[in-house]
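Since the model is a prediction, treat every value here as computed from it, not as a measurement.
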Amino acid sequence: MTEYTNEIDAQVDDVIYESIKPSSPQSFFLFAGAGSGKTRTLVNVLSRFKEEFGQEYKLRNKRIAIVTYTNAAANEITHRLEYSSIFNVSTIHSFCWELIKSFTADIKNWIKSNLIVEIAKLEEEQSKSKDLNNKTSIGRSKKIESKNKRLLSLETIQKFIYNPNGDNLTKDSLNHTEVISITADFMKSKELFKQILINKYPVILVDESQDTKKEFIEALFKLQNQYEERFSLGLFGDTMQRIYTDGKENLGIGLPEKWVKPAKKMNHRSKSRIIELINKIREDIDGQEQFPRIENKGGTVKFFAVSRTNDKFEIEEQIRQKMREATKDDKWNGNDSEVMTLTLEHHMAARRMGFSNFFSSLYAVDRLKTGLLDGSSSSVNLFTKIVLPLYKAHIKKNKFEIANIIKHHSNLIDKQTLQNDGNKLELLHTANDKVNELLSLWNENGHPTLIEILKKIQETNLFKMPSVLKVVLKRVNVDSYAEIEDSEATEDDEVLIAWEEALKANFAEIEKYNEYINEESKFGTHQGVKGLEFERVMVIIDDEESKGFMFSYDKLFGIKPLTANDKKNIDEGKETGIDRTMRLFYVACSRAKESLVIVAYTNLPEDLKKNVISNGWFTDDEVVAIS
């Protein structure tokens, strides 16, 4: 092992600080593997920048933009930077919308050109269809009609709207994909836009850059290349942790000669055995090696190859007991509240926690995933941020909290209504009656469904309802969709159908879902816990239960043979599902600080045991087969 100290990365902060100084802007890519303290470096550098250049930036109305992957990450960094006004910390969608929102005419032209191209493509596909009455053709016809209507309505739009955390279904709103695409296009093609951008943001730092939208990253590269004397682009990332397909492949490789390329070598998070494992996983990918802190010797790693014929809930409990014995750590025992369980897909966690009826149909629609997973969807928030707190206050008989929720969220007694109504007391009594009417759904141990709750909210007009849920209620209440006013585009049918299914769920599922997305449960996914860390981690692997096609642990571990297409991609140097799976496995395993167990379900447990041992990642005494 190379001789080193815990200060092996001390110079990295200085290198990055020098790169963002106004007198000598330099672009950089910081390699920061798992547990390397990337956020600490970011905060340290920016705090130092604020001390030296903060006043100058304020006077010149300049800011440093920090683009992060989630709202939670943005909030954490903002807090650690003490809410300084010279830093704009936001998600990519929020950042892009702030850049383009005043360019209404340009947005309109972009949308118009894009719609014309999309309609032409759809019409060409439709002309080749042999059966115009099949599901695909009918769906395509609806899309053509919807896009033509949007094209016609463009002239009447005075201003576009967009909510980074919303459903964006109205005709004057942009969707999430459009906001990124428009921004990237403006960055590459509009000189005024470029000048405004780099004058306001001479430094743009992108966290988790390997998973940031490829077109956005490529537009930034082009901008940096054109204005390298005035603009510093800083990318923080690790190509081994790229787990989404819309990120830029091989980011960090083949960068311009002038770029600075520092690397953080220490993993401050994990014990040495876990770091040894994740180094092995990435050995054949890029050879990047991390070192543990001097005091972080030891750690436990186990791999259980389990037959799919076993009861999963029972076997996972037995394995926790075995880990307790192996680690002599009682927190592995019975009560799993001290163990983080990582599933391959969110719906696996939803099934284990009991909220899959609500979750699964929404999760199946790409457009709804982001808002569902970060808890930011306005439609979801009606239940999680208003109805759930109201219900909890009701259970606790906390009348003050109930009144507070109504005051903040109900139009019945908002400030303007109270000012305009002469009989305020009667207004308050009416609001109270309607609250009780809603809460009566839980009387006598009632278990209302979400659609029942939604109907009661509509009847009482107690809370403002998001547009998508209004349309769902219309669809539920009529015999024919033709009777519905066409206030939303017909291409949003999949969104509405998904909500119709989700609203059949019992309200108890909202409680479980809310625990999950707020990280109050001890369940997560291999992907979703990137950047997080836990003392004890159980990684659940089961290709059959996950139902995914992007990842294949069976292929990674040699249980399933490679397809002809896999071999072709390997020969051509293209990415395969095995590459994606290996990166995902790296992310999942690298969350553990003290102890890690992998529970891999398979039809061939003995073969799986033999394969993972011969692979060199695990030793013979670390692998157990359970038939």
Side-chain angles (χ1 to χ4, degrees), residues 8-33 36-39 41-50 52-53 56-57 60 62-68 86-88 92 95 99 183-191 193-242 247-265 285-288:
I8 190 173
D9 296 326
Q11 79 290 351
V12 170
D13 290 12
D14 291 335
V15 170
I16 293 175
Y17 180 70
E18 290 298 320
S19 299
I20 65 172
K21 285 171 72 171
S23 58
S24 53
Q26 188 86 30
S27 292
F28 66 87
F29 177 87
L30 170 64
F31 164 76
S36 61
K38 172 192 59 178
T39 304
T41 287
L42 178 65
V43 171
N44 288 346
V45 168
L46 294 179
S47 298
R48 184 175 165 190
F49 184 94
K50 182 178 73 170
E52 188 167 350
F53 302 107
E56 177 188 339
Y57 256 48
R60 296 169 63 195
K62 293 185 181 296
R63 306 176 82 185
I64 290 179
I66 301 103
V67 181
T68 67
I86 68 164
F87 304 121
N88 178 30
I92 180 174
F95 179 65
L99 292 178
T183 306
D185 189 62
F186 286 7
M187 250 191 250
K188 289 186 283 189
S189 63
K190 296 198 175 297
E191 201 57 41
F193 185 85
K194 295 180 198 178
Q195 294 300 327
I196 292 172
L197 174 58
I198 62 174
N199 283 333
K200 186 172 184 178
Y201 299 109
V203 180
I204 295 179
L205 307 177
V206 184
D207 192 18
E208 299 290 0
S209 57
Q210 74 282 347
D211 270 327
T212 303
K213 300 283 186 182
K214 179 181 177 181
E215 59 185 322
F216 178 72
I217 289 290
E218 289 179 342
L220 284 175
F221 271 126
K222 192 168 181 180
L223 188 69
Q224 186 277 331
N225 184 55
Q226 188 176 355
Y227 297 101
E228 60 181 28
E229 302 300 323
R230 297 167 53 196
F231 175 61
S232 173
L233 174 60
L235 306 179
F236 293 71
D238 174 11
T239 52
M240 192 66 189
Q241 296 188 69
R242 183 173 70 84
K248 184 173 173 61
E249 288 185 41
N250 301 318
L251 186 65
I253 298 172
L255 290 169
E257 195 70 31
K258 292 182 181 179
W259 278 50
V260 180
K261 307 171 189 73
K264 301 198 79 173
K265 292 291 187 182
I285 302 291
D286 60 12
Q288 292 279 3

So how far is it from [X] [atom1] to [Y] [atom2], rounded to the nearest 0.5 Å?
X: I204; Y: R63; atom1: CD1; atom2: CZ; result: 12.0 Å
X: F87; Y: K50; atom1: CZ; atom2: NZ; result: 6.5 Å
X: L42; Y: S47; atom1: CG; atom2: OG; result: 9.0 Å
X: T183; Y: K213; atom1: OG1; atom2: NZ; result: 12.5 Å
X: R230; Y: L223; atom1: CZ; atom2: CG; result: 9.5 Å
X: L197; Y: F193; atom1: CG; atom2: CZ; result: 6.0 Å

Where is the tightest heavy-atom contact between [X] and [Y], given as atom of each residue plus distance?
X: P262; Y: I16; result: CG-CG1, 4.4 Å
X: V203; Y: Y57; result: CG2-OH, 3.9 Å
X: V260; Y: S19; result: CG2-OG, 4.1 Å

Has K214 got more than 12 heavy atoms of other residues, nucleotides or ligands less than 6.0 Å from its NZ?
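At most 12 heavy atoms, drawn from other residues, nucleotides or ligands, come within 6.0 Å of this atom.
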
Is the distance between the ring centroids of F49 and F53 under 6.0 Å?
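Yes; F49 has its ring centre under 6.0 Å from that of F53.
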
Just do the salt bridge (Lys or Arg N to Asp or Glu O under 4.0 Å) check on E56 and R60 with the steps written out, would you?
CA-CA 6 Å; E56 177 188 339; R60 296 169 63 195; 2.7 Å; yes

Between the main-chain N or O of [Y] and the side-chain N or O of [X], is there a donor-acceptor pair closer than 3.5 Å?
X: N88; Y: A65; answer: no
X: T41; Y: D13; answer: no
X: S232; Y: P25; answer: no
X: K62; Y: N199; answer: yes
X: K264; Y: S36; answer: yes

Which is it for E215 and M187 under the side-chain contact (heavy atoms from CB on, under 4.5 Å) test, yes or no, and what are the steps along the way?
CA-CA 10 Å; E215 59 185 322; M187 250 191 250; over 6 Å; no

Going through the checks in order, is the salt bridge (Lys or Arg N to Asp or Glu O under 4.0 Å) test met by K38 and D9?
CA-CA 11 Å; K38 172 192 59 178; D9 296 326; over 6 Å; no

Under the side-chain contact (heavy atoms from CB on, under 4.5 Å) rule, what do L205 and L46 come out as? Steps first, then yes or no, please.
CA-CA 11 Å; L205 307 177; L46 294 179; 3.9 Å; yes

Under the side-chain contact (heavy atoms from CB on, under 4.5 Å) criterion, do Q224 and K258 qualify, and how do the steps go?
CA-CA 11 Å; Q224 186 277 331; K258 292 182 181 179; over 6 Å; no

Which is it for F28 and L255 under the side-chain contact (heavy atoms from CB on, under 4.5 Å) test, yes or no, and what are the steps along the way?
CA-CA 9 Å; F28 66 87; L255 290 169; over 6 Å; no

Using distance alone, with no hydrogens and no angle criterion, decide if E208 and Q210 have a side-chain donor and acceptor under 3.5 Å apart.
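Q210 and E208 do have a side-chain donor-acceptor pair below 3.5 Å.
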
